[in-house]
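Here the structure comes first, spelled out in structure tokens, and everything after it is commentary.
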Amino acid sequence: MHELRDISCLDAFHDKTFDTFDAMVHGVQRAYARAREYAIAPQGWFVMFGNYGVGKTHLAAAIANELLRRQWQVLFAVVPDLLDHLRSTFGPSSEVEYDERAELVRNVPLLILDDLGTENTTAWAREKLFQIVNHRYNERLATVFTSNRRPEEIDPRIFSRMSDRALCEEHLLIDATDYRRRTLPQRRAAARPRR
Ligand SMILES: Nc1ncnc2c1ncn2[C@@H]1O[C@H](COP(=O)(O)OP(=O)(O)O)[C@@H](O)[C@H]1O
Ligand SMILES: [Mg+2]
């Protein structure tokens, strides 16, 4: 169990759960409900778009934390960091042929790819990311994506796979205001249990 947590990279997000998410915030209800459903038995891909601060990463981490709790093997990857890792480990001139982390990213039963589309990276790293996504597409492996970009800013090969309705029923667009701009009293009022 500890080991599953260690390899998940979820430490920084351990408090981002469904319980700590305020589902009453305007604009988040549908994504929250779908995320909860997805976490019951993840199948296919789960895709969330939306501006900064609307709760995409929180919901993605909530899915991951819930499955980790149920002993799934989960990996939370922030896309720009993942690409840095791949670049440093396997740059075109590197001799490393096998990397445990890269292998995990390809095949872990649940992968979170947080912040897709912000990667300002080399063609080589972009290709690596595409290969990972394509592998998970071909193998139909459960994957959660978040992005604050517009669809046309995503690698079209990746976006096309995300749009396969057999694998991903809908793209959730979270249209809410930046939660970080709420005052503390506003947050507390929202967090008070309702009856
Ligand atoms: N509905 C919500 N209830 C509780 N906290 C929220 C909610 N939406 C966002 N937050 C918090 O606001 C911050 C920004 O949210 P985050 O999920 O990182 O946004 P995004 O990934 O969409 O940019 C995080 O600390 C997150 O926990
Ligand atoms: Mg985020």
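One-based numbering, in listed order, for ligands and for the atoms of each. Keep in mind that this is a model prediction, so the values were computed, not measured.
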Atom 1 (N) of ligand 1 sits nearest the protein heavy atom Asp22 O, 3.0 Å
Is there a heavy atom in Gly50 that sits closer than 4.0 Å to ligand 1?
-> no
Atom 23 (O) of ligand 1: closest protein heavy atom, distance to 0.1 Å, is Gly53 N, 2.7 Å
Kindly confirm or rule out a cation-pi arrangement of Arg140 over Tyr137, judged by NZ or CZ under 6.0 Å from the six-membered ring centre and within 45° of its axis?
-> yes
State yes or no: are the ring centers of His58 and Tyr32 separated by less than 6.0 Å?
-> no
Please work out whether the ring planes of Phe46 and Tyr38 are parallel, tilted or perpendicular, with thresholds of 30° and 60°.
-> tilted
Measuring from the heavy atoms of Asp115, does anything fall under 4.0 Å of ligand 1?
-> no
Arg187 contact mode with ligand 1 (heavy-atom cut-off under 4.0 Å) | neither
Hey, which atoms in ligand 1 end up nearer than 4.0 Å to a heavy atom of Asn51?
-> 22 (O)
Identity of the nearest option to atom 15 (O) of ligand 1, non-hydrogen atoms only, from Ala31, Gly27, Gly55 = Gly55
Does Arg34 come within less than 4.0 Å of Glu170, counting only side-chain N to carboxylate O?
-> yes
Result of checking Asp84, Val78, Leu82 against Pro80 for side chain to side chain contact (heavy atoms under 4.5 Å, CB included) = Val78
Nearest protein heavy atom to atom 22 (O) of ligand 1, by residue and atom, and its distance?
-> Lys56 NZ, 2.7 Å
Min N/O separation Val54 to ligand 1 under 3.5 Å | yes
Can you tell me if Thr146 and Asp114 form a side-chain donor-acceptor pair at under 3.5 Å?
-> yes
So, does Arg70 use its side chain to make a donor-acceptor pair with the main chain of Asn65 at under 3.5 Å?
-> no
Quick one: does Leu59 get within less than 4.0 Å of ligand 1, heavy atoms only?
-> no
Hydrophobic cluster identity match, Phe76 and Leu141, side-chain contacts under 4.5 Å | no
Nearest heavy atom to atom 17 (O) of ligand 1, choosing from Gln29, His58, Arg181, belongs to His58
Does the side chain of Asn134 come under 3.5 Å of the side chain of Arg161 through a donor N or O and an acceptor N or O?
-> yes
Of the backbone atoms (N, CA, C, O) and the side-chain heavy atoms from C-beta on, which set of Tyr179 has a member under 4.0 Å from an atom of ligand 1: side chain, backbone, both, or neither?
-> side chain
protein heavy-atom neighbour closest to atom 21 (O) of ligand 1 works out as Thr57 OG1, 2.8 Å
From the list Leu113, Ile132, Ile112, Val108, side chain to side chain contact (heavy atoms under 4.5 Å, CB included) with Thr143 holds only for Leu113
Please state which part of Ile174 comes within less than 4.0 Å of ligand 1, counting heavy atoms only: side chain, backbone, both or neither.
-> neither
Give me the ring orientation class for Phe145 and Trp45: parallel if the planes are under 30° apart, tilted from 30 to 60°, perpendicular past 60°.
-> tilted
Enumerated ligand 1 atoms positioned under 4.0 Å from heavy atoms of Thr20 | 4 (C)
Going by heavy atoms, is Thr146 under 4.0 Å from ligand 1?
-> no
Under 4.0 Å, heavy atoms only, figure out whether ligand 1 is touched by the backbone of Val25, its side chain, both or neither.
-> side chain
Expected output: side-chain Glu66 to main-chain Ile63 donor-acceptor under 3.5 Å | no
Establish, from distance only, whether the side-chain atoms of His135 and Asn107 form a donor-acceptor pair under 3.5 Å.
-> yes
Can you find an N or O of Tyr52 that's nearer than 3.5 Å to an N or O of ligand 1?
-> no
Protein contact of atom 24 (C) of ligand 1 - nearest heavy atom, named by residue and atom, plus distance | Lys16 NZ, 3.8 Å
Starting from atom 18 (O) of ligand 1, locate the nearest protein heavy atom and write down its residue, its atom name and how far away it is, to 0.1 Å.
-> Arg180 NH2, 3.5 Å
With a cut-off of 2.8 Å, does any N, O or S atom of Asn148 fall short of it relative to the Mg ion (ligand 2)?
-> no
